[in-house]
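Working notes, structure below.
Letters go in sequence order (proteins before strands), and every chain restarts at 1. The basis for the numbers below is simple: all heavy atoms, side chains too, and nothing from hydrogens, waters or symmetry mates.
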Amino acid sequence: MAAAGGGGGGGGRATTSGCGLKRRYSPHDKEEETMNQDQSSKEDWCGRLWNGMDLLKDVTENKHVLPTGLEGIDTLLGGGLRQGQLTEVTGPSSSGKTQVCLHSASHVAVKHMGVVMYLDTSNSFSPSRIATIIDGTNDLSDQRGFDLPHKERLKTMMRSIVCKSVFDIFGMFEVLHQLEVSLLNDKVKSGGRKICLLIVDSISSLLAPIIGGKYPQGRSMMISVAMILKKLAYKHNLSVLVTNHMVSAGNGAVKPALGESWKAVPHVRLVISRVHGSNICTATVLKHTLLASGRTAKFVVPS
Amino acid sequence: MGEQSGAQNAWDMLSDEQSQKHITTGSGDLNDILGGGIHCKEVTEIGGVPGVGKTQLGIQLAINVQIPVEYGGLGGKAVYIDTEGSFMVERVYQIAEGCIRDILEHFPHSHEKSSSGQKQLQPEHFLADIYYFRICSYTEQIAVINYLEKFLGEHKDVRIVVIDNVTFHFRQDFEDLALRTRVLSGLSLKLMKIAKTYNLAVVLLNQVTTKFTEGSFQLTLALGDSWSHSCTNRLILYWNGNERYAHLDKSPSLPVASAPYAVTGKGIRDAVSSHHKRARVT
């Protein structure tokens with residue numbers, strides 16, 4: 001990901017040469033002098049320089065997984081939703097995508113891992129369902145909430161899940177921008193719980209009205225929102241979970257929506273399906289950065 | 001975490017949700033599988049073959065939303081968007097009469113009250129509080145949904161919008177299928193927004209078509225996969241022998257379930273085989 005000179009600043013003649021490498025400057029005496037005096041701010045522009053060992057240390061110490069609470073899915077994911085990554089769950093209507101989102105949010109809340117931000121495009125966020133899931137976890141081993149009565153514990157957990165309805169792509173850009181600003185501000189202050197999971201259910205319904213025509217703006221907005229989500233995940237150590245729906249692929253077959261350009265965007269892609277009339281679902285890995293794809297697991301959505 | 005305008009935490013939403021009233025369908029069994037009735041702030045799609053009772057249910061909901069608060073209803077008004085001309089006013093009158101008769105049966109002393117501002121239990125008043133739009137093309141449908149936001153801002157007592165039926169004008173004569181998908185996805189987001197912003201129920205009636213998959217014909221909702229994610233809840237009405245059944249196919253909080261119902265002279269009621277002793281009004 002290039003440090004796209006969007007930050008401006010420096011002389012207009014300075015050039016960047018890709019991620020992680022120092023700038024090369026074309027000779028401009030005065031500018032070069034001031035530049036040289038200002039060594040540390042130059043490095044700030046192109047982001048931190050990592051070596052392999054730094055990365056390994058970061059991954060082992062900082063990049064945790066957030067379990068969804070659904071056993072089959074967690075196995076396929078290698079433990080849960082990885083921080084710093086974008087995970088996609090796709091599947092036909094009523095296959096359990098929203099349930100995976102609700103379970104992930106509830107599980108993070110129960111384990112007090114941080115704040116969950118849930119962006120809902122189809123009025124499907126159900127607080128009563130969240131309460132039922134949390135109640136079902138029977139988490140008596142949790143030390144922090146141990147002395148409080150049940151209702152107080154539920155209240156603390158549910159207050160860490162924040163939900164916002166988004167009904168168009170521009171609203172989405174606005175929400176993500178506000179989120180970015182508030183995350184940057186929180187770095188300066190201290191205290192307050194930090195967001196660790198961002199859920200978008202579903203990103204495809206916001207993009208469906210604008211992609212697929214002869215004008216490319218829709219597709220570029222899709223790529224744009226994808227880049228913003230991944231940047232948020234990377235910079236602020238979030239797990240991002242999005243849902244996608246299915247469209248027909250000809251001859252009665254179905255495929256994930258959002259097309260070819262989207263396929264490369266998520267780090268992990270799962271496709272789920274549900275047997276009609278039961279609550280046993282099947283999940284298959286379409287893509288994973290660390291584990292082999294094609295593996296399948298069954299999971300049960302508890303009632 | 002920074003303040004997001006319009007964001008709420010789940011605990012506050014829970015208490016809001018628990019104080020929400022649902023719109024009764026007229027059948028106790030149906031209400032049960034729906035968690036009390038049709039939910040406000042949500043888009044519910046009701047699909048079925050022709051003749052199974054979709055329009056009957058649509059009309060019943062447009063009447064039942066008007067049941068006054070003192071009788072356990074929402075006391076709201078209805079918007080009915082008719083795309084095929086299925087809205088038969090004489091039948092609406094009949095259903096309104098049936099609803100009033102059941103209210104009076106349930107609350108025997110109500111006719112003695114007559115405070116001002118209370119809705120008079122007359123079928124004429126129920127009919128007067130249904131705002132009816134008849135549309136004849138997909139452009140009119142797009143226009144009316146765009147107009148709804150302004151209309152609802154001026155008529156804040158509307159608590160249900162019924163569209164009967166939402167896919168009719170998009171099934172024939174639409175050559176560019178990709179355009180159709182884009183337009184419909186845009187409409188569905190607008191309807192979601194309306195439901196949430198104005199705290200009302202949006203009910204979309206949809207036809208069923210047969211689809212040949214896995215070697216057999218299956219009934220699926222018209223416009224299939226690309227439309228199927230555009231609702232919060234989905235109810236499928238179907239025939240089981242001679243009885244009508246409703247199957248809750250999609251819901252974020254309720255389990256999948258089926259229940260029988262009947263279409264009577266008075267409107268939608270419990271099936272004869274139901275264990276509910278008498279028709280419930282609330």
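- Per-residue counts of heavy-atom pairs under 4.5 Å with chain B were compared for A/Ser165, A/Ser204, A/Pro209; the largest is that of A/Pro209.
- Contact count against chain B (heavy-atom pairs under 4.5 Å) is highest for A/Ala208 among A/Ser248, A/Gly218, A/Ala208.
- Interface remark: B/Lys196 contributes backbone and side-chain atoms alike to the contact with chain A (heavy atom separation under 4.5 Å).
- Here B/Glu17 is the residue among B/Lys41, B/Lys190, B/Glu17, B/Gln18 with the most heavy-atom pairs under 4.5 Å with chain A.
- Results of the side chain to side chain donor-acceptor pair (under 3.5 Å) test with B/Asn233 over B/Glu45, B/Lys250, B/Glu42, B/His39 single out B/Glu42 as the only residue that passes.
- The parts of A/Ser122 that come within reach of chain B are both its backbone and its side chain, each placing non-hydrogen atoms under 4.5 angstrom from that chain.
- For B/Ser251, the part lying near chain A is the backbone, with the side chain staying farther off; criterion is any non-hydrogen pair under 4.5 Å.
- Of the atoms belonging to A/Leu206, heavy atoms from both backbone and side chain fall under 4.5 Å from chain B.
- Other residues, nucleotides and ligands contribute more than 12 heavy atoms inside 6.0 Å of the OH atom of B/Tyr147.
- When the candidates B/Pro252, B/Ser258, B/Ala257, B/Ala178 are compared by the number of heavy-atom contacts under 4.5 Å with chain A, B/Pro252 comes out ahead.
- More than 12 heavy atoms of other residues, nucleotides or ligands lie within 6.0 Å of CZ in A/Phe173, so this atom counts as buried by the packing criterion.
- Counting non-hydrogen atoms of other residues, nucleotides and ligands closer than 6.0 Å to CZ of A/Arg269 gives a total above 12.
- Of the atoms belonging to A/Lys151, heavy atoms from both backbone and side chain fall under 4.5 Å from chain B.
- No more than 12 heavy atoms of other residues, nucleotides or ligands lie within 6.0 Å of NZ in B/Lys193, so this atom counts as exposed by the packing criterion.
- For the pairing with B/Arg234, the side chain to side chain donor-acceptor pair (under 3.5 Å) check across B/Asp249, B/Asn206, B/Thr44 returns one residue only, B/Asp249.
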Practice problem: For A/Arg129 and A/Gln99, run side chain to side chain donor-acceptor pair (under 3.5 Å): C-alpha distance rounded to whole Å, both residues' side-chain angles, the deciding distance at 0.1 Å, then the answer. | Solution: CA-CA 9 Å; A/Arg129 179 69 181 147; A/Gln99 294 304 312; 2.8 Å; yes

Self-check item: Chi angles and distances behind the side chain to side chain donor-acceptor pair (under 3.5 Å) call for A/Ser205, A/Thr121
Solution: CA-CA 7 Å; A/Ser205 36; A/Thr121 69; 2.8 Å; yes

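- Heavy-atom pairs under 4.5 Å with chain B were tallied for A/Ile211, A/Val166, A/Val301; the largest tally goes to A/Ile211.
- Using a 4.5 Å cut-off between heavy atoms, A/Leu154 contacts chain B through both its backbone and its side chain.
- Ring pair B/His155/B/Phe151: centre-to-centre distance below 6.0 Å.
- Contact tally against chain B (heavy-atom pairs below 4.5 Å) for A/Ala131, A/Ala257, A/Gly212: the top residue is A/Gly212.
- Contact of B/Leu14 with chain A is made through backbone and side chain together, with heavy-atom distances under 4.5 Å.
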